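These notes are about the structure you will find just below.
Throughout, a chain's letter reflects where its sequence line sits, starting with A, and its residues are numbered from 1. Values in this document were obtained by computation on a predicted structure and should not be read as measured data.
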Amino acid sequence: MNATTTTEAAPAPRKQSESLWSKAVGKFLRDRWGMASLLVVLVYLGIALGVWAGLWGTDWNTLTPTINAEASAEHWFGTNRNGQDIFERAIFSTKTAFEIGLVVAILSTILGAVMGAISGFFAGRWPDEIILWLKGVLDSIPFYLFVAAVAFALQGYAFSMHVAMVATFWTTTARLVRAEVIRLKGFEFVEAAHALGVPELRIISRHIIPNTTHILLVQATITFVSAIKSEVILSFLGLGVKNGVSWGLMISESTNEVTTGFFNNFLAASAFLFVLVMAFNMFSDALQDALDPKKTG
Amino acid sequence: MLNRTPRILSAAATAVALTTFAACGGGGQPQTKADGTPLKVYRHSMDGAPVNLDPVQSAVIYSNFVVLNTYDTLYSYKYLTRPYELKPNLAKALPDVSEDGLTYTIQLKEGSGFIDDPAFPDGKGREVVAQDFVYSIKRHFDPQNRSQGAWLWQGKIVGLDEWKENGADYGEDVEGLKALDDHTVQIKLVKPFPQLIYTLAMGFSGIVPREAVEKYGRELSVHPVGSGPFRMERFTTAKAVLVPNKNFRQEPVDLAAEGYDPELHGQFGLEAIDGKAPPFVDRLEIDFITETASRWASFTSDKEVQYSHVPVEQVDGVLASKDPITLKKEWSDRYFSYYGTEAGFVYTYFNMDRPALGTSDDPDTDAKNKALRCAMVDAFSWAERNARFYSGIGNVFPGVITPVVPEFDPETPRDSVTQDMDAARKALKDAGWTPETLPEITYGHVASVTNRQMFEQFRGFMVELGFPVDKVRGDSYATFGDFNKGIKTNKFDVGGLGWGLDYPDAENTLQLFYGPNHTPGSNNANYSNPEFDALYKQTAVMQPGPERTEIYRRMNQMVIDDCVALTGLSRTRIYLWHKNVIGLPDREILGGFWLKYVDVKTGDAE
């Protein structure tokens with residue numbers, strides 16, 4: 001008697017094809033440091049949105065009778081020379097940082113994407129030559145000198161600092177996008193679009209730029225951090241924020257105070273800045289790792 | 001054997017270098033004389049740097065400070081007498097004034113020489129003569145020089161304005177400005193000008209030799225050639241190094257005539273200079289250190305600059321008491337100190353030409369704007385401004401006649417410098433202002449930490465008054481020059497300024513509100529009140545006296561009543577200097593005129 005199995009071996013389940021994005025999300029979710037840094041960034045974002053909504057940070061400009069008070073239950077980080085609450089000012093500055101970071105990151109990423117895509121698509125032709133020349137010129141000027149010069153030249157305009165930063169930050173994004181576009185240009189889907197007679201600008205906007213999103217995302221996060229740091233430096237130099245308050249202005253205010261042993265302004269602004277920049281850098285690294293198909297996680 | 005020569009050379013070079021370095025210090029400057037005795041070096045510090053050392057451009061205190069030490073003026077101030085009192089400098093005596101007050105005759109001292117300079121034949125400085133003074137004043141009216149000091153004599157000296165209009169030909173005589181001989185100057189005025197003598201003590205009237213102007217042209221701005229007590233040896237944006245002018249007239253100091261009071265000045269060792277001819281130091285170095293913290297660190301290191309005023313943020317650490325001002329023992333043991341109310345004031349003006357706060361042809365708008373300005377005056381706390389930015393030791397006073405001038409009236413009501421927020425809010429409401437209708441106002445300031453904090457304080461008061469925070473906007477400028485340009489082109493509604501007196505006469509601050517001095521003149525508020533202007537004209541030709549003082553005070557009250565400015569405060573400055581320095585520092589009025597009297601105790605003398 002031949003023994004037979006009552007059950008037949010089930011066919012192996014067909015492996016679901018995973019998209020780049022779902023893989024990236026999975027990788028990111030498994031990255032504990034990445035998740036922790038995202039959480040910190042979200043907390044900051046929450047603080048900024050709260051200031052926007054008028055939930056907190058509303059007393060950043062209120063004068064009180066206490067001068068350079070030490071930390072207390074009433075004033076968590078003490079008060080400055082004008083009796084203004086340093087914690088309130090640090091909280092309000094989060095909004096300033098996000099405002100500048102987001103505006104500069106979005107605009108310079110868009111500009112970099114468009115310029116990089118045009119440059120890469122027409123590589124070796126005159127639009128590429130012009131864009132490369134422009135990038136070369138901008139990159140040859142020391143960064144902070146250029147940003148300070150533009151901010152100085154546009155003094156009096158509310159967005160002079162934003163313009164200065166966007167004018168500088170787009171070049172790196174454009175360079176990376178250009179390289180990617182040159183690579184993508186040889187792919188079949190682009191050749192197919194050509195063969196079908198799709199206009200070049202449509203190929204760039206519909207088929208090429210969307211395929212550089214992973215670069216743009218990472219670049220946007222890097223630009224966001226750079227913008228915040230640059231704002232702090234420009235505000236410290238007196239070329240930055242004019243009508244609100246920012247961590248840079250707080251650090252600038254502290255220059256006269258630290259010689260008398262009062263560090264509250266300096267410590268509060270530096271701590272807020274340090275944590276956000278660290279968290280955003282780690283978030284940016286984690287995002288880069290997650291979007292890199294060559295890296296396993 | 002072959003290597004021996006280079007080794008000897010190397011050793012010799014090292015020895016030379018070591019010897020040189022041993023004799024040097026302080027940025028490579030020698031510290032000993034040829035005979036090995038130590039040089040007397042005084043290192044002064046200033047909080048800003050001059051940009052132009054030509055007397056026609058010496059509009060700011062930093063320039064004036066150096067100009068007064070490199071160029072001669074006919075008159076100067078007594079070293080120690082306070083209130084300030086003029087004395088003859090290059091002039092032999094106070095001017096001989098005609099009965100109608102229109103003709104001034106001034107005799108010059110003989111034997112005062114310009115520095116040795118290649119501008120002169122054989123490089124030897126010649127004697128200063130009356131023609132040099134005439135030439136120097138004419139330079140202000142030469143359009144090519146774009147003088148910043150011509151306003152002092154504009155429309156006041158017979159024929160000088162016409163000389164300018166006729167092409168500024170130096171060969172042409174001016175009727176009201178003549179050298180009667182080598183040592184006599186005659187000035188004829190269009191109308192009485194009692195302040196004329198004060199102007200002849202200012203850096204603007206520094207005497208420049210024509211040879212130097214012809215040789216150096218615009219380079220004169222960095223290469224002074226004068227007959228003052230010092231000769232410029234080196235000048236950069238960070239430092240000026242001066243050495244004595246060996247052609248300077250030998251005039252022994254009469255300490256009693258300079259106002260010496262043993263009770264006030266006895267501790268400073270000034271008796272040591274009595275009867276000796278200045279300058280006393282072998283080298284005068286002036287460090288221009290704009291950063292307060294750096295200047296303070298340099299001073300307190302005890303090895304670098306020998307003078308500093310006490311920065312506001314250090315006041316609490318240095319003072320044992322603010323009223324009266326006394327130093328903590330650890331500081332008084334280390335340094336000499338002196339303090340006094342500045343000859344000037346700080347104020348915040350409202351720009352009357354701007355629609356937001358200014359005057360209007362429409363009577364209703366005009367009244368409403370005035371009510372708004374007056375409410376802002378009531379809402380502003382000078383006590384808080386003093387406490388936070390002037391260590392609480394500033395002298396708050398109503399109006400624009402400062403406490404150091406004789407016309408000051410301590411009985412002037414203090415309502416305009418006393419905060420009354422309830423009255424301010426009520427006045428605003430009564431005039432029909434609401435947060436929605438209040439105008440957006442722009443506050444101009446230099447982009448420094450302190451100025452920004454002052455703006456924030458101003459905004460804080462205005463927000464308490466009822467302004468939405470986004471309606472009080474700051475407009476910052478990187479440099480004072482840019483800010484000043486903003487003032488002169490009416491870029492903002494409100495601006496904070498300081499004014500240092502050119503001479504101890506209330507006219508010097510009242511002219512800040514005289515209609516014809518409208519921007520780009522000195523009337524930054526663009527205040528125009530026909531009654532005020534008429535009184536100003538009336539007093540301009542009056543000699544000092546009770547009648548003129550009475551009119552000055554009426555004018556002061558007009559500025560207060562029309563709410564033209566938040567005003568004012570005279571700062572109290574505390575000066576510290578090292579104990580090996582013999583001197584009494586002062587930066588008021590013209591600043592710098594006292595440096596020729598500074599002496600330094602060398603190591604042996606200490």
Measure the CD-OG1 distance between B/Glu313 and A/Thr260 for me, rounded to the nearest 0.5 Å. 7.0 Å
Taking atom CD of A/Glu74 as the centre, report whether more than 12 heavy atoms of other residues, nucleotides or ligands fall under 6.0 Å from it. no
Run the side-chain contact (heavy atoms from CB on, under 4.5 Å) test on A/Thr255 and B/Val449 for me, step by step, so that the C-alpha distance in whole Å, both residues' side-chain angles and the decisive distance to 0.1 Å come before the verdict. CA-CA 8 Å; A/Thr255 50; B/Val449 172; 4.1 Å; yes
At their closest point, which heavy atom of B/Arg388 faces which heavy atom of A/Thr64, and how far apart are they? NH2-O, 2.7 Å
Turns out that what part of B/Phe455 lies under 4.5 Å from chain A's heavy atoms comes down to side chain
Check whether more than 12 heavy atoms from other residues, nucleotides or ligands sit under 6.0 Å from atom NZ of B/Lys471, and answer yes or no. yes
If I measure from the heavy atoms of chain B, does A/Thr62 come under 4.5 Å with its side chain, its backbone, both, or neither? neither
Should we say atom NZ of B/Lys426 is surrounded by more than 12 heavy atoms from elsewhere, each under 6.0 Å from it? no
B/Arg452 side chain vs A/Glu253 backbone, donor-acceptor pair below 3.5 Å: no
Could you pull out the closest heavy-atom pair between A/Ile67 and B/Ala387, with the gap in Å? CD1-O, 4.2 Å
I need the residue from B/Phe389, B/Trp296, B/Tyr443, B/Phe461 with the largest number of non-hydrogen atom pairs under 4.5 Å to chain A. B/Phe389
More than 12 heavy atoms of other residues, nucleotides or ligands under 6.0 Å from NZ of B/Lys322: yes or no? yes
In terms of heavy-atom contacts, does NZ of B/Lys328 have more than 12 from other residues, nucleotides or ligands at under 6.0 Å? yes
A/Arg81 and B/Glu456 ion-paired at < 4.0 Å: no
For A/Phe146, does the CZ atom sit with more than 12 other heavy atoms under 6.0 Å from it, leaving out its own atoms? yes
Please assess A/Trp60 against B/Val469 for the test side-chain contact (heavy atoms from CB on, under 4.5 Å), listing each intermediate value before the final yes or no. CA-CA 11 Å; A/Trp60 64 276; B/Val469 68; 4.2 Å; yes
Need one label for B/Val472: side chain, backbone, both or neither, based on atoms under 4.5 Å from any heavy atom in chain A. backbone
Could you pull out the closest heavy-atom pair between A/Asn82 and B/Gln453, with the gap in Å? ND2-O, 2.8 Å
A quick test of your reading: do over 12 heavy atoms of other residues, nucleotides or ligands sit less than 6.0 Å from CH2 of B/Trp331? yes
Interchain contact, A/Thr58 with chain B, by part (heavy-atom threshold 4.5 Å): neither
